[in-house]
Amino acid sequence: MKTSRVVIFGLATLFALMLSGCSQKIETGPWSKSVDVTSYMMSFKKASSIRLVASGIYNGITVQFDQLSWRCNVAEQGKGGHFDELCLKYGDTKRPHQIQIRLDGGDYPQSPCANADAYTSIAVSSTVAWDAKHPAGVSLNDLMWISSWSYSPYIRSGYTLTEPRVQSYKKLNEVTALDLMMLGGNDDIQGIDSEICRLLFAQAPAASGIYPITVTLTTDEGEVFSASTEVTFTK
């Protein structure tokens, strides 16, 4: 009998709540909506200038975004702007899926984010002679390694690689334009991670001292970015 009374009370309570439901505001919709997209990338950022940061930790230079010219994101998909152009350029058009957008005015996702530029070359030089084979102004590319991250290999694989952001480590004088696509970028909405790539010295100069280093990046559209810094070497 005890069990029966509980069931009857429960049904009665439910019926009463149904009758008085209009007196209590109940959320009837979800907090987000689904949006269909066809790209893996959620945004791109375009540099207007670069900067160099010398580091003794890994014996090299970090090439970073300095100022941004513009950013674009997946909210612009299908509108024929920068985002569509870049997705088409990098072949990122065949990964249909859904993303969640907040209904309270929240922004579209910003990550993963990639560098809008594709570089055809990276050149390193010093205004001070490095050694007998590398006088002032001569390319130091044969003495450098480049460490970088890119989403391009993942996209070119048809989205089949295990990790979408792929690290590369090569001699700078052996890289091709394919290696220099979509360098850097980040997964941070605020763009705090501003690294494009790292350039590592494989060989120290013949003499100790301060060496002014210039790095020049050239894009596939002929745009040139250049920056300089000083690196100190001691024996």
Keeping the roles fixed (side chain from [X], backbone from [Y]), state whether a donor-acceptor pair exists under 3.5 Å.
| X | Y | value |
| --- | --- | --- |
| D142 | N173 | no |
| D117 | Y119 | no |
| S48 | Q67 | yes |
| H134 | A132 | no |
| N115 | L183 | yes |

**Request:** Could you pull out all residues at least two apart from S121 that satisfy side chain to side chain donor-acceptor pair (under 3.5 Å)?
**Result:** none
**Request:** Establish, from distance only, whether the side-chain atoms of T214 and S228 form a donor-acceptor pair under 3.5 Å.
**Result:** yes
**Asked** Just by distance, with hydrogens left out, do S49 and D66 show a side-chain donor and acceptor under 3.5 Å apart?
**Response** yes
Where is the tightest heavy-atom contact between [X] and [Y], given as atom of each residue plus distance?
| X | Y | answer |
| --- | --- | --- |
| I122 | V215 | CG2-CG1, 4.0 Å |
| S150 | M182 | OG-O, 3.5 Å |
| C87 | S39 | SG-CB, 3.7 Å |
| M42 | S111 | CG-O, 3.2 Å |
| D84 | K79 | OD2-N, 2.9 Å |
| Y151 | C113 | CE1-O, 3.4 Å |

**Prompt:** Would you call the rings of Y169 and W145 parallel, tilted or perpendicular if under 30° counts as parallel and over 60° as perpendicular?
**Reply:** parallel
**Request:** Verify whether the ring centers belonging to F233 and F201 lie closer than 6.0 Å.
**Result:** yes
Starting at [atom1] of [X], measure out to [atom2] of [Y] and round the result to the nearest 0.5 Å.
| X | Y | atom1 | atom2 | value |
| --- | --- | --- | --- | --- |
| K45 | L86 | NZ | CG | 14.0 Å |
| F65 | I50 | CZ | CD1 | 10.0 Å |
| S34 | D36 | OG | CG | 8.0 Å |

**Check against side-chain contact (heavy atoms from CB on, under 4.5 Å), Y154 and R95** = CA-CA 12 Å; Y154 174 67; R95 193 178 183 276; 3.6 Å; yes
**Request:** Please determine which of R198, Q167, E163 meets the side-chain contact (heavy atoms from CB on, under 4.5 Å) test together with W149.
**Result:** Q167
Mind checking whether [X] and [Y] have side chains closer than 4.5 Å, heavy atoms only?
| X | Y | result |
| --- | --- | --- |
| V166 | L161 | yes |
| I146 | L180 | yes |
| D92 | Y159 | yes |
| H82 | W70 | yes |
| S139 | S125 | no |
| R51 | S194 | yes |
| Y40 | Y90 | no |
| I61 | I213 | yes |

**Criterion side-chain contact (heavy atoms from CB on, under 4.5 Å) on I196 and Q64, from CA distance to verdict** = CA-CA 5 Å; I196 297 175; Q64 299 180 340; 5.7 Å; no
**Message:** Taking K46 first and then E223, would you say they form a salt bridge - that is, a charged N and a carboxylate O separated by under 4.0 Å?
**Reply:** yes
**Asked** Would you call D220-K89 a salt bridge at under 4.0 Å N-O?
**Response** yes
**Message:** Using side-chain contact (heavy atoms from CB on, under 4.5 Å), reason through V138 and K133 one step at a time and then give a plain yes or no.
**Reply:** CA-CA 9 Å; V138 169; K133 294 182 179 180; over 6 Å; no
**Message:** What verdict does the side-chain contact (heavy atoms from CB on, under 4.5 Å) test give for V224 and L217, after you've listed the backbone C-alpha separation in whole Å, the side-chain angles of each residue and the deciding distance to 0.1 Å?
**Reply:** CA-CA 6 Å; V224 177; L217 280 61; over 6 Å; no
**Fill in**
Hits for salt bridge (charged side-chain N to carboxylate O under 4.0 Å, His left out) against K170, two or more places apart or cross-chain, chain-then-number order -> D179
Mind listing the side-chain donor-acceptor pairs of residues 202-211 below 3.5 Å, one per line with the distance, residues two or more places apart or on another chain?
from, atom 1, to, atom 2, distance (Å)
Q203, NE2, D131, OD2, 3.1
S208, OG, K235, N, 3.0
Y211, OH, A207, O, 2.6

**Request:** Count the heavy atoms of every other residue, nucleotide or ligand shown that sit under 6.0 Å from CD of E221, and state whether that count exceeds 12.
**Result:** no
